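The figures that follow rest on heavy atoms only: side chains count, while hydrogens, waters and symmetry mates do not. Throughout, protein chains are lettered first and strands after them, A, B, ... in sequence-line order, and every chain is numbered starting at 1. The structure presented is a predicted model; accordingly, all values stated were derived computationally and were not measured.
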Amino acid sequence: MKMSAITVKDLTKKFGDFTAVNNLSFDIEKGEVFGLLGPNGAGKSTTMAMLSTMLKPSSGQAWVNGYDILRNEDEVRKSIGIVFQDPSLDEELTAYENMDFHARLYRIPKNERQKKITELLKLVELDEKKDNLVKTYSGGMRRRLEIARGLLHEPKVLFLDEPTLGLDPQTRNHLWDYIHRLNQEKGITIILTTHYMEEADKLCHRIAIIDKGQIIALDTSEKLKNDIGGDIITIVSSEKDNLYSVVESLPGINNIEVHDSSITIGLHNAEKHVAQIVNMASESGVPIDSISIHKPTLEDVFLHFTGRTIREEEATGKEQMRMMQRSRK
Amino acid sequence: MDIVYTLWLRSVKRYTRSKSRMVGSLGMPVFLLLVLGFGLNSVVAIPGMEQGYIGFIIPGIISMSVLFTSVFAGIQIIWDKQFGFLKETLVAPVSRLEIMLGQTFGGATTALIQGLMIFVLSLLIGLEISSIPGFLIAIVFMMLIGISFTAFGIAIASRMEDMHGFQLIMNFVIFPIFGLSGALFPIESLPGWVRYLTLLDPLTYGVEGIRYGLLGSSHIDPAICFVILSGFTILMVGFGSYLFRKISI
């Protein structure tokens, strides 16, 4: 337990009848970039809130940097830097003043304050605009400032809650580079939540897929994708049940699943088998509307484990968020 | 103490930066001062008041200015809640009491500055202050009003979700506190039951204290005013920090 940056044991949070986080347990090693991936309302932010001592768990335990989140609140708070999902800057102050405020709150000695602030503002390339009011900043600049601020007190663990939500693709790529470099150069443990597959895939060493407050899969991106069994062939057909019985007999198939409008087949070297599948289907008189091959993505992983795509999940997720907010009042 | 100073510094910085708010919140008090002061000066005669009605209401208008600015400064925590900045302070390894005290002193400072602006304007339209120690006494009372009502604003803000309830608080709490305080009329001339209401209003003791300081005479003994208003301030700071500790975001 001493070696882990974060240890979570049976963590549960209930809002009234609604269980937002259900018996979560996992370990994050020092220096790891760990992703919590899931749709809105899956319990990612609630987990973050509990680990950062903002919210008391209903039951279960957790340690951050070796400190108990219930008993050593202040030590936990000193060990972590947070970039919240929603903006949390004072827009009426300049970037420098926002940093200075933070430095004073975390009791950074006067003689180090200025040096550290300048250093970090340089890192996120806001040095030249440090005396501009934050309200004149763009979304991406604000995000970068928040990351710089989160690093000011040299946290051991950095919490990033949906760090690139609502940013344009270019800014997003830029931020990913920062996050990656921070982890590489400073060795900071990073835990991030996201519902972008690509983000988790690119940044995280290990990913926990969360759905309805529970971890449904936890591994490296590579292994999660391998679970599906090689490449993915997606076939759309009006007679998908017939199609299923036809292709079932194909040798080399690792798994085959029937979804609402399609069948997905997981197998290695998919290119070689496509012709065979089409032949088998036409011999049995089963129509095929479309057929496609792709390398597995985390999207497929999510579909594989939950039977739903993450987009379908968004809609119901929002319902849950609303419920949660209501019961919090 | 560092933390309290940090929060204080932020409040004051924000205040000095928004010139429009500074000037805007002068509008109402100046308007009342001029309209009531000059309008009623010739018709109203207050016994024992050498400077006429306008001299009489100047302390009342100063109190009003301090009252409104401080309540508003306290309620501003709701903005911090909505714009997310409150999270940044709440997740830091500092106690809620320190945050609350910093906000309170910050708000009280801006309220004091606002009150002093009215004071300077009053000098321009002919107020003659009785003595320098008297002026310092007035400052002490302005600070007490500022601290107690910023804390009161924080207490309200801790229980409110958004700014929708703000009008309600203004109309049913703050205006009555101002109206009943004897800022605009002498307490002695009131019928018995209204006078009791007035004596229940904490602002009355602030107005009377400032009046004693600036004009050299008041209806209520300034020592009594000081004791009661100090007690109210301690009560409000306690109440405000109790509710602020339970704030959730």
Checklist entry - Is a salt bridge present between B:Lys81 and B:Asp162, judged by a nitrogen-to-oxygen distance below 4.0 Å? => result no
Checklist entry - Which one of A:Asn98, A:Leu93, A:Asp86, A:Thr53 has the most heavy-atom pairs closer than 4.5 Å to chain B? => result A:Leu93
Checklist entry - Under a 4.5 Å heavy-atom cut-off, does chain A meet the side chain of B:Thr89, its backbone, both or neither? => result both
Item to check | Residues A:Ser88 and A:Arg149: side-chain donor-acceptor under 3.5 angstrom | outcome: yes
Checklist entry - For A:Glu128, does the CD atom sit with more than 12 other heavy atoms under 6.0 Å from it, leaving out its own atoms? => result no
Checklist entry - Which one of A:Glu73, A:Glu97, A:His153 has the most heavy-atom pairs closer than 4.5 Å to chain B? => result A:Glu97
Checklist entry - For A:Tyr106 and A:Arg77, does a side-chain donor sit closer than 3.5 Å to a side-chain acceptor? => result no
Item to check | Contact class of A:Phe84 relative to chain B, heavy atoms under 4.5 angstrom | outcome: side chain
Checklist entry - Would the number of heavy atoms belonging to other residues, nucleotides or ligands and lying under 6.0 Å from CZ of B:Phe239 be above 12? => result no
Checklist outcome for this item: Comparing B:Ile99, B:Asp80, B:Val94 against chain A, the one with the most heavy-atom pairs below 4.5 Å turns out to be B:Val94
Next on the checklist: Looking at chain A, which one of B:Gly84, B:Pro93, B:Ala92 has the largest number of heavy-atom pairs inside 4.5 Å, strictly under?
Outcome noted: B:Pro93
Checklist entry - In terms of side-chain heavy atoms, does B:Ser181 have a donor or acceptor partner in B:Asp201 at a distance below 3.5 Å? => result no
Checklist entry - At a heavy-atom separation under 4.5 Å, does B:Leu9 approach chain A through its side chain, its backbone, both, or neither? => result side chain
